[in-house]
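Shown next, in structure tokens, is the structure this report addresses.
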2 protein chains.
Amino acid sequence: MPREVDHAQRRSEISGAVWQVVSESGLEGLTLRAVASAAGCTTGMVTHYFRDKKALLAHARSVMHRRMADRIEAMPVGAEDPRAHLSAVAEQALPLDEERHLEAVVWSSFLLTTRTDPELLREHSVSHASWVRRLTALVRAALSGEPEPGDLEDRVRALVVCLDGLALNAVTDPDAYPPDLQRRVLDGQLDLILEGNREGAVRSLHPQG
Amino acid sequence: MPREVDHAQRRSEISGAVWQVVSESGLEGLTLRAVASAAGCTTGMVTHYFRDKKALLAHARSVMHRRMADRIEAMPVGAEDPRAHLSAVAEQALPLDEERHLEAVVWSSFLLTTRTDPELLREHSVSHASWVRRLTALVRAALSGEPEPGDLEDRVRALVVCLDGLALNAVTDPDAYPPDLQRRVLDGQLDLILEGNREGAVRSLHPQG
DNA sequence: ACTGTCACGTAACATTCGTTACGCAACCTA
DNA sequence: TAGGTTGCGTAACGAATGTTACGTGACAGT
């Protein structure tokens with residue numbers, strides 16, 4: 001076998017180029033030539049590693065999901081304050097730094113294409129349900145010691161849509177939704193959801209914690 | 001002047017076709033030929049009423065914004081319960097019926113294109129700020145009688161992103177976010193934001209109010 | 001050195017798109 | 001009835017895109 005190359009790495013590099021193009025030109029500007037240009041190669045190389053455009057997008061999507069999942073799973077679990085843990089995990093879904101902002105852009109771009117593709121919808125559906133389940137467990141843990149509210153499910157949903165809404169707005173208009181605003185809103189939402197679990201919260205005086 | 005035709009109406013009809021195409025094929029499937037087909041006419045007629053595709057999209061967008069604004073401005077104001085009024089206005093941003101669902105699909109589709117178009121971003125930015133301001137006034141009114149919390153701005157933001165997140169998820173996966181779930185989450189979010197303003201809230205027993 | 005395989009660049013291909021030009025029918029005015 | 005204007009269908013055009021085919025150099029096995 002002559003001239004062996006690490007296929008996985010090449011594919012990852014090209015997927016990185018996909019992200020870059022989506023980030024600055026949107027999904028509508030995502031062409032094989034643009035990807036090749038961003039990757040500093042030719043379209044021939046792109047087609048050499050991906051059968052067609054659909055496969056290219058699928059790989060870029062899976063890389064995104066893996067990255068997100070890895071970051072969350074890398075969180076230390078258990079020992080610390082349950083509320084801090086919940087907050088830390090939830091924060092992983094927010095575009096608080098450049099890396100996560102890029103991910104959020106890709107996420108939101110792909111999310112809308114999900115609507116018209118039944119296969120992608122199913123994939124999204126189970127992933128979303130899993131995310132809701134994970135947050136439910138964390139919220140329940142953060143509530144331990146208090147009687148479980150009857151509308152816990154709805155509270156978790158409120159948290160989930162809060163995160164999605166924050167991410168969406170931060171992606172659309174980053175200047176209007178800077179990281180500190182995102183953090184404050186999330187923190188406030190957790191206060192509301194946990195309803196005084198953190199007694200005497202003085203968020204308005206120490207927004208950054 | 002021979003064969004006079006109501007230009008405004010024709011343009012509205014064609015914009016309706018744009019919505020229809022976006023709804024079932026997404027923005028990527030929005031071609032002049034698809035629009036003409038959905039409108040039951042030819043591409044010649046479309047180009048006769050719109051200089052180019054950009055003008056067509058701009059009109060479809062403006063129709064969407066006008067529809068949303070009209071629905072909100074048509075709300076009766078004042079006499080009733082401030083919280084009910086806030087709830088009613090906020091509900092207008094949710095895809096609770098077929099009409100609003102269609103609007104939400106178009107809204108979310110156009111929203112993402114905003115990111116890569118500075119002109120659209122400015123337009124969105126002022127519109128969004130206006131929306132936040134309106135909700136702020138309503139929340140403040142619903143809070144009257146209680147001391148104004150120091151983090152009122154953040155609470156309004158939490159409401160706004162909750163609405164956006166609900167709409168986004170309902171658009172992406174309608175089955176997972178049916179109207180009654182949306183209503184419950186919004187209602188719960190209002191409870192949290194107004195913090196016991198509706199004393200003895202028994203949402204968990206009477207979710208539908 | 002010869003051969004085959006892998007990596008990849010080049011380029012042609014058909015398709016699809018937005019756009020533009022052309023043509024005809026309808027209808028008003030004179 | 002002749003001419004001009006408007007409404008709109010038809011079709012051609014160039015540009016861009018995804019895909020495919022072909023060619024070439026690099027390297028391993030023999």
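Every chain is numbered from 1 and lettered A, B, ... according to where its sequence line falls, protein lines coming before strand lines. Note: hydrogens, waters and symmetry copies are ignored here, and every other heavy atom, side chains too, is used. Quick caveat: nothing in here was measured; it's all calculated off a predicted structure.
With A/Phe50 as the aromatic partner, A/Arg10 does not meet the cation-pi criteria of under 6.0 angstrom to the ring centre and within 45 degrees of the ring axis.
OP1 or OP2 of D/dC8 lies within a sub-4.0 Å distance of a side-chain N or O belonging to B/Arg10. The shortest distance between the side-chain N/O atoms of A/Tyr49 and the OP1/OP2 oxygens of C/dA7 is not below 4.0 Å. Residue B/His7 places at least one side-chain N or O under 4.0 Å from the OP1 or OP2 atom of D/dG7.
Picking from C/dT10, D/dA11, C/dG9 the nucleotide with the shortest atom distance to the side chain of B/Thr43 gives D/dA11. For A/His48, counting side-chain heavy atoms from C-beta on, the closest listed nucleotide (C/dT20, C/dA7, C/dT10) is C/dA7.
Applying the ring pair (Phe, Tyr, Trp, His ring centres under 6.0 Å) test to B/Tyr49 and every residue at least two apart in sequence or in another chain returns B/His7.
Atom CG in B/Asp52 sits about 12 Å away from atom C1' in C/dT20, given to the nearest Å. Rounding to whole angstrom units, CE of residue B/Met45 and C1' of D/dT6 are separated by 13 Å. If you measure from atom CD of A/Glu13 to atom P of C/dA7, you get 14 Å, rounded to the nearest angstrom. One interatomic measurement links the two molecules: NZ of A/Lys54 to P of D/dT19, which rounds to 9 Å at whole-angstrom precision. Atoms NZ (B/Lys53) and P (D/dA16) sit 15 Å apart, rounded to a whole Å.
Ion pair B/Asp191/B/Arg83 flagged as a salt bridge, since at least one NZ, NE, NH1 or NH2 atom sits closer than 4.0 Å to an Asp/Glu carboxylate oxygen. Taking the charged nitrogens against the carboxylate oxygens, B/Arg66 and B/Asp70 do have a contact shorter than 4.0 Å, which makes a salt bridge. Taking a cutoff of 4.0 Å between a charged side-chain nitrogen and a carboxylate oxygen, B/Asp180 and B/Arg184 qualify as a salt bridge.
The stretch residues 23-33 of chain B touches DNA chain C through B/Leu30, B/Thr31, B/Leu32, B/Arg33, each having a heavy atom within less than 4.0 Å of the strand.
Checking B/Glu13 against B/Gln9 by side-chain atom types alone, a donor-acceptor pair falls below 3.5 Å.
Comparing B/Cys41 and A/Thr47 against DNA chain D, the residue whose closest nucleotide sits nearer the 5' end is B/Cys41.
Summarising the geometry, atom OG belonging to B/Ser12 is positioned 8.5 Å from atom CG belonging to B/Asp6; distances are rounded to the nearest 0.5 Å.
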